Amino acid sequence: MSEHAAQDVIAGIRELLPVLRERAQEAEDARRVPEESVKSLQETGFFKLLQPKTFGGLEADPVSFYTAVKLVASACGSTGWVASILGVHPWHLGLFEAQAQQDVWGDDTDVRISSSYAPMGKADVVDGGYRLSGRWSFSSGCDHATWVLLGGPTFSGGKPVDFCTYLVPISDYTIEDVWDTVGLRGTGSNDIIVNDVFVPKHRALSFIATSKCKTPGQEINPGPLYKLPYGSVHPSTITAPIIGMAQGAYDAHVEYQGKRVRAAYAGEQSKEDPFAKVRIAEAASEIDAAWLQLTHNIDELYQLACKGEKLPFPTRLRVRRDQVRGTERAIFAIDRLFENSGGRALQAGTPIQRFWRDAHAGRVHAANDAERAYVMFGTGAFGLPVENAMV
């Protein structure tokens with residue numbers, strides 16, 4: 001893949017931003033991203049960024065993907081969130097056995113996949129595969145997908161023997177509309193229900209393999225992109241849109257404050273308020289710091305993979321440390337701006353309150369459990385063993 005192709009996608013995303021911004025309230029009202037927005041993202045080539053070349057993808061560098069995600073989220077938080085989640089799944093599928101990839105993309109390379117990785121169901125080992133059952137929550141963008149990746153423990157003889165991600169077609173699951181929230185309302189993160197479905201062995205991927213960065217998909221996808229750790233790529237997929245939301249909130253705040261007159265302060269213009277300027281500076285710095293750390297760390301891993309070098313475990317721990325810190329920085333920035341936005345910013349339909357709600361909703365995702373990530377980093381800093389698949 002040429003760098004030019006990825007930049008073309010990013011350019012297409014930039015052109016799409018005004019439309020996505022206009023549809024933000026529509027997404028929130030419908031509790032799902034409009035079909036037109038998903039189609040437009042597809043037309044830019046966005047969903048092909050992390051898809052293997054083997055199946056018509058661009059196999060771009062991860063920073064290009066996160067850049068596109070950040071842009072989308074700066075226009076509409078829910079659309080950016082769904083784009084990031086659906087957009088990373090081609091990368092994950094690229095780690096599966098070749099037959100699994102063929103099952104999904106053999107007839108249509110535009111097929112999309114949603115997910116719910118939390119262990120809300122379980123699978124029993126049977127001849128040739130597994131019997132899977134359960135209810136999985138928070139499958140963002142599932143209405144725009146025809147396959148799903150589901151996480152859960154694997155049992156044999158009544159005892160847990162592994163933890164896997166299972167790939168399931170839409171014919172084997174149902175979607176229950178339960179998503180009614182105060183933030184990320186437009187993500188359509190509904191429940192997935194599976195009732196005693198057979199999953200062939202090739203459609204399961206052990207987390208042991210992903211944590212070791214040695215997966216069966218590397219046989220047909222030998223590029224550096226598919227040698228990166230799941231625990232680096234996926235959590236960053238959660239933080240990137242939140243940083244984008246912070247950027248969107250910042251842009252909306254600066255534009256609004258530039259026109260605002262504060263009646264309570266004798267008609268003072270907000271743009272002349274020194275304290276407002278301090279908050280803007282603080283927020284801008286936090287957003288920049290979050291983004292620079294996230295992109296620097298991921299690019300460092302990617303460049304090592306490009307050279308065929310080992311990915312140092314301390315670097316992987318740093319990726320997770322700065323990923324959760326990036327979310328915290330973004331939340332701090334939005335809070336500082338929102339506190340100084342005035343009462344009119346509370347009105348339904350205004351961007352600042354929507355970004356504030358969306359970012360805080362994204363903050364509660366398990367990938368943003370800051371204390372756990374910090375403990376892992378500290379454990380590694382002392383030279384003690386770190387046992388966690390999300391690194």
Side-chain angles (χ1 to χ4, degrees), residues 9-10 12-51 65-90 110-116 136-149 170 173 175-192 234 237-249 252 348-351 353-362 364-365:
V9 173
I10 292 172
I13 293 292
R14 290 187 188 279
E15 292 180 2
L16 191 58
L17 296 184
V19 176
L20 297 180
R21 199 171 289 114
E22 290 176 4
R23 290 180 184 153
Q25 189 60 47
E26 178 185 346
E28 180 154 293
D29 293 342
R31 295 182 298 111
R32 56 177 286 176
V33 175
E35 202 71 48
E36 297 84 353
S37 295
V38 175
K39 182 180 179 181
S40 295
L41 287 170
Q42 179 175 309
E43 289 172 350
T44 68
F46 171 82
F47 295 114
K48 295 290 181 69
L49 282 171
L50 299 187
Q51 191 160 316
F65 172 72
Y66 295 129
T67 299
V69 166
K70 180 191 174 191
L71 286 169
V72 175
S74 73
C76 172
S78 287
T79 303
W81 184 269
V82 168
S84 196
I85 297 295
L86 296 184
V88 79
H89 292 151
D110 288 327
V111 168
R112 290 184 293 272
I113 313 161
S114 68
S115 70
S116 180
W136 286 262
S137 297
F138 316 128
S139 187
S140 301
C142 58
D143 290 324
H144 304 290
T146 53
W147 289 76
V148 68
L149 294 162
I170 196 168
Y173 65 87
I175 299 172
E176 186 170 330
D177 185 350
V178 298
W179 190 247
D180 189 5
T181 57
V182 297
L184 292 176
R185 283 184 59 81
T187 61
S189 303
N190 290 306
D191 284 6
I192 302 293
H234 190 272
T237 298
I238 299 302
T239 294
I242 297 176
I243 298 174
M245 295 170 209
Q247 186 64 57
T350 58
Q353 54 82 28
R354 186 188 304 116
F355 282 122
W356 185 87
R357 288 185 289 106
D358 288 348
H360 277 272
V364 302
H365 191 283

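Here the structure is a predicted model, which is why all the values come from computation and not from measurement.
- Distance check, rounded to the nearest 0.5 Å: CG of Leu20 to CD1 of Ile13 gives 7.5 Å.
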### Task
Give the intermediate values and the outcome of side-chain contact (heavy atoms from CB on, under 4.5 Å) for residues Trp81 and Ile238.
CA-CA 7 Å; Trp81 184 269; Ile238 299 302; 3.7 Å; yes

### Message
Between Gln25 and Arg354, does the side-chain contact (heavy atoms from CB on, under 4.5 Å) criterion hold? Intermediate values first, please.
### Response
CA-CA 9 Å; Gln25 189 60 47; Arg354 186 188 304 116; 2.8 Å; yes

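- Atoms OG and OH, from Ser84 and Tyr66 in turn, are 7.0 Å apart once rounded to the nearest 0.5 Å.
- Checked by atom type, the side-chain pair Ser140/Ser189 shows a donor-acceptor distance below 3.5 Å.
- The distance from atom CD of Gln42 to atom CZ of Phe47, rounded to the nearest 0.5 Å, is 7.0 Å.
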### Task
I would like to know whether Thr79 and Leu41 meet side-chain contact (heavy atoms from CB on, under 4.5 Å); could you show each step before the answer?
CA-CA 10 Å; Thr79 303; Leu41 287 170; 4.1 Å; yes

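- Around OH of Tyr173, the count of heavy atoms belonging to other residues, nucleotides or ligands within 6.0 Å exceeds 12.
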#### Entry: side-chain contact (heavy atoms from CB on, under 4.5 Å) between Glu22 and Cys76, worked out
CA-CA 9 Å; Glu22 290 176 4; Cys76 172; over 6 Å; no

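- For Ser115 and His89, the side-chain atoms include at least one donor-acceptor pair closer than 3.5 Å.
- Side-chain contact, Ser78 with Thr187: no donor N or O sits under 3.5 Å from an acceptor N or O.
- Taken from CZ in Arg357 to CD in Glu28, the straight-line distance is 4.0 Å, to the nearest 0.5 Å.
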